[in-house]
Amino acid sequence: MAASPATGGGARSCETAEQTREWMEAIASFLGRHRPLLEAHVVNFFKDRLWEMVDADWMECLRRESVESLLMLPSGRVQDHWPSSLQEFILTARSLVLPREQKTPQSFLPNSRVASIGTVLAQGMNTKKKHEIEALSGMVDAIARSRGAKTVVDVGSGQGYLAQALSFEYQLAVIAIDASSHHASVTNTRAERIKKHYAAKCLEKQQFKVPRTVTCHVLSSDTLAAVALDACQDDHGEHVTETNNCNQSVPQIGQPNHSIPQLVLAGLHACGDLSVNMLRVFLSCEQVQALVSVGCCYNLLSEDCHEVTDTCPGFPISKAAKSSKLVLGKSIRDLACQSAERWRSLTKEMALQNFDIHAFRAAFQMVLEKYFPELSRLSPSIGRQGKALRRQRLRKEMESHLAMGKVDDLSYRNSKEQNMNTDGSLPTEPTASKGAVECCSNELCTGDTYSTSAVVGSSISRVNVGPSDTNLDECCKFTLFKDFTISGLGRLGCGFVEDVNLLEIWKDVQHFIEFIGPFWCLRAALGPLVETYILLDRLLFLQEQGSAVEASLFPLFDPAMSPRNMAIVAWKLTGDPLEPSHGNASHA
């Protein structure tokens, strides 16, 4: 018999700074006790025999469980016959996680209005993006009106979806800042087309202002503040595009300037440190009255590991977290992108494919360890091999269905959506990039992302794949592993290879493949806990400012559709304070 999945948060609250600190201390203590599991990397699963670091009774129990039970593990669902220590681990982890069930903006601000985005405005958006834009634009509008602000700075604006919703549906002036000039061009073209549509259907001669775009690589909070203030002060009226080199003369931050309107900062999945820089600008810039920010890409955060640095790190930022001994590192911050909601929505087939991909990557590491030891020590990146193989499988399945005349459009679409890695949150191989991840919808952080296509290199033509007399299922998996390996070696430029015996390595590891699913699910159960700690660190950073600032964490999106769904909503208590309704997400 299974217990119901835990909802997270337990009796924990983050309504006050002291409560937030206590919550963070409890998380740090729990994570500290499971540090080896946190730091383990599935790439080294076979090489380091990682299953042996987990309690043997846990692994013996979980390897016999159904895939469906494993997928519910990160959500806190346990089985009565599991070892009591395993149940305690899962339930404790889940009790320390922020509740993520979506709430409406009206539950936070009763007078808020969420406009349904029409066909013209929604052009180019997928279902997920439309859901996010509708909820976030309604919240930003409500906050702006409550603070008397009529100008919004959309940070990391991407193709301008949020900026255009705020401009045309809510009639707010918007400055859209992004690092990509291409995004600015797309935003401009799209905005002019939407403007014509709105003007045509408006009976009265209403003036519609399109968002003003600014292209700039934002590398610090000072840069962000200066660019935003400069764009507001230099009001060109009708839309123009600026490319800001971030070195020109701009208004002094924090200095009163009555020519600059009251501002609200908004960001939809502003990447890495960008979300943190928004918090710093909110505090340092007098003109910024409020903030609504949904972050993402924790793996791209800079982290202060107690070393001297001239830059302000993205983590930790609160005094309490800085004084803690908890250090995350990139591998653990990668884990924070895992989504329990996405895990439990996977089909059995998709879950098994994910587990297979992890097995292929870990077995490939054994190939490197045995035949290319110097390369193995460099921890090389081979790109989005897992995603490419899943797409390859999906194409083969579709071709099979087409041949049989049994195509179900809905099931195909659902499978395809599960196959996509949005917001970095599907349980896949960690993103292989030098500074950009696929979940980014903006380009304020830049980097070179590797190609996702898995093309078999023709130069590696004499790899010994061994006989094909294994059973059908194992033969199919071995063939996929072979393709994965040949492609990976090609990407690494290993050149001509004669003596790599893939079958020998596959036989060595195949007896332990059954442990990968349980191991990965146990580790994934810690992901939402790491994300909670990062989010609480940001909230506490604002709470430490005392009575001058009110701040809350609010689950704005459906977490199954948009896993990075927690918004930080903050405003300055100057003049008449904003009065949110009781039960807001600051006490989780």
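Quick caveat, the model's predicted, so the values are computed rather than measured.
Below 30°, between 30° and 60°, or above 60°: for Trp520 and Trp343 the angle between ring planes is between 30° and 60°, a tilted geometry.
Not a single donor-acceptor pair under 3.5 Å links the side chain of Lys129 to the backbone N or O of Gly124. The closest donor-acceptor contact from the side chain of Asp304 to the backbone of Pro313 lies at 3.5 Å or more, if one exists at all. Checking side-chain atoms of Thr532 against main-chain N and O of Leu98 turns up a donor-acceptor pair under 3.5 Å. A donor-acceptor pair under 3.5 Å links the side-chain atoms of Glu134 to the main chain of Ile117, judged by distance alone. Under the 3.5 Å distance criterion, the side-chain polar atoms of Thr20 are matched with a main-chain donor or acceptor of Thr16. In this structure, Ser318 contributes its side chain and Ala321 its backbone to a donor-acceptor pair below 3.5 Å. Without hydrogens or angle criteria, Ser137 side chain to Ile133 main chain gives a donor-acceptor distance under 3.5 Å. Distance alone, capped at 3.5 Å, is enough to place a donor-acceptor pair between the Arg342 side chain and the Met561 backbone. Within the 3.5 Å criterion, the main-chain N or O of Leu328 finds a donor-acceptor partner in the side chain of Glu303. Arg212 places no side-chain N or O within 3.5 Å of a backbone atom of Ala173 that could act as its donor or acceptor partner.
In this structure the side chain of Arg280 reaches within 4.5 angstrom of the side chain of Cys312, judged on heavy atoms. In this structure, the side chains of Val294 and Phe557 come closer than 4.5 Å at one or more pairs of heavy atoms. A heavy-atom distance below 4.5 Å is not found between the side chains of Gln543 and Val549. Counting heavy atoms from C-beta on, the side chains of Asp154 and Leu166 never come closer than 4.5 Å. Looking only at side-chain heavy atoms (C-beta outward), Ile568 and Phe554 stay at 4.5 Å or farther from each other. Val292 places a side-chain heavy atom less than 4.5 Å from the side chain of Val140. A heavy-atom distance below 4.5 Å is not found between the side chains of Pro555 and Glu101. Between Val281 and Val288, some side-chain heavy-atom pair lies under the 4.5 Å cut-off.
Of the inter-residue distances, the one linking Tyr533 atom OH with Phe315 atom CZ reads 5.5 Å to the nearest 0.5 angstrom. In this structure, CG on Leu274 lies 9.0 Å from SG on Cys296, to the nearest 0.5 angstrom. Rounding to the nearest 0.5 Å gives a distance of 10.5 Å between CZ of Arg538 and CE of Met278. With rounding to the nearest 0.5 Å, the separation of CG in Leu229 from CD in Glu286 is 10.5 Å. One finds the CG atom of Leu263 at 7.0 Å from the CG atom of Leu265 (value rounded to the nearest 0.5 Å). Considering CG of Asn299 and OG of Ser331, their distance stands at 10.5 Å, rounded to 0.5 Å.
Using modelled atom types and a 3.5 Å distance limit, the side chains of Gln262 and Thr151 yield no donor-acceptor pair. Side-chain contact check for Trp571 and Gln289: no donor-acceptor pair (N or O, by modelled atom type) lies under 3.5 Å. In the model, Tyr161 has no side-chain atom that pairs as donor or acceptor with a side-chain atom of Gln123 under 3.5 Å. Looking only at atom types and distance, the side chain of Thr187 has no donor-acceptor partner in the side chain of Gln159 under 3.5 Å away.
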Report the C-alpha distance between Leu536 and Ile27 in whole Å, list the side-chain angles of each, state the deciding distance to 0.1 Å, and finish with yes or no for side-chain contact (heavy atoms from CB on, under 4.5 Å).
CA-CA 10 Å; Leu536 291 177; Ile27 293 174; 4.0 Å; yes
Go through Gln102 and Leu556 one step at a time and tell me if the side-chain contact (heavy atoms from CB on, under 4.5 Å) criterion holds.
CA-CA 6 Å; Gln102 181 188 11; Leu556 191 57; over 6 Å; no
Quick one: do Asp537 and Ile317 satisfy side-chain contact (heavy atoms from CB on, under 4.5 Å)? Show the steps, please.
CA-CA 7 Å; Asp537 175 46; Ile317 57 173; 3.4 Å; yes
Given salt bridge (charged side-chain N to carboxylate O under 4.0 Å, His left out), test Glu531 with Arg564 step by step and report yes or no.
CA-CA 9 Å; Glu531 181 182 21; Arg564 309 280 75 78; 2.9 Å; yes
Tell me, with the steps shown, if Tyr198 and Glu169 meet side-chain contact (heavy atoms from CB on, under 4.5 Å).
CA-CA 9 Å; Tyr198 274 78; Glu169 282 294 332; 2.6 Å; yes
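Of all the heavy atoms in Lys209 and Ser167, the pair that sits closest is O-CB, 3.6 Å. Counting all heavy atoms, side chain and backbone alike, Ala142 lies closest to Leu109 at CB-CD1, 3.7 Å. When all heavy atoms are compared, the tightest approach of Leu172 to Ala149 is CD2-O, 4.1 Å. Scanning both residues, Val218 and Leu224, for their nearest heavy atoms gives CG1-CB, 3.6 Å. Shortest non-hydrogen contact noted between Leu539 and Ser552 is CD1-N, 3.9 Å. Across all non-hydrogen atoms, the minimal contact from Cys216 to Val227 is SG-CG2, 3.8 Å.
Of the residues listed (Asn188, Thr215, Thr213, Asp178), the one engaging His183 in a side-chain hydrogen bond (donor to acceptor under 3.5 Å, both in side chains) is Asp178, and it is the only one.
With a 6.0 Å cutoff to the six-membered ring centre and a 45° limit on the axis angle, Lys572 counts as a cation-pi contact of Phe282.
Annotation for Lys150: atom NZ does not count as buried by contact number, only 12 or fewer foreign heavy atoms lying within 6.0 Å.
Residues passing the salt bridge (charged side-chain N to carboxylate O under 4.0 Å, His left out) test with Arg523: none are found, sequence neighbours excluded. Every residue meeting the side chain to side chain contact (heavy atoms under 4.5 Å, CB included) condition with Glu341, not counting sequence neighbours, appears here in chain and number order: Arg94, Arg100, Ser339, Arg344, Pro559, Ala560. In this structure, the salt bridge (charged side-chain N to carboxylate O under 4.0 Å, His left out) partners of Asp141, at least two apart in sequence or on a different chain, are Arg145.
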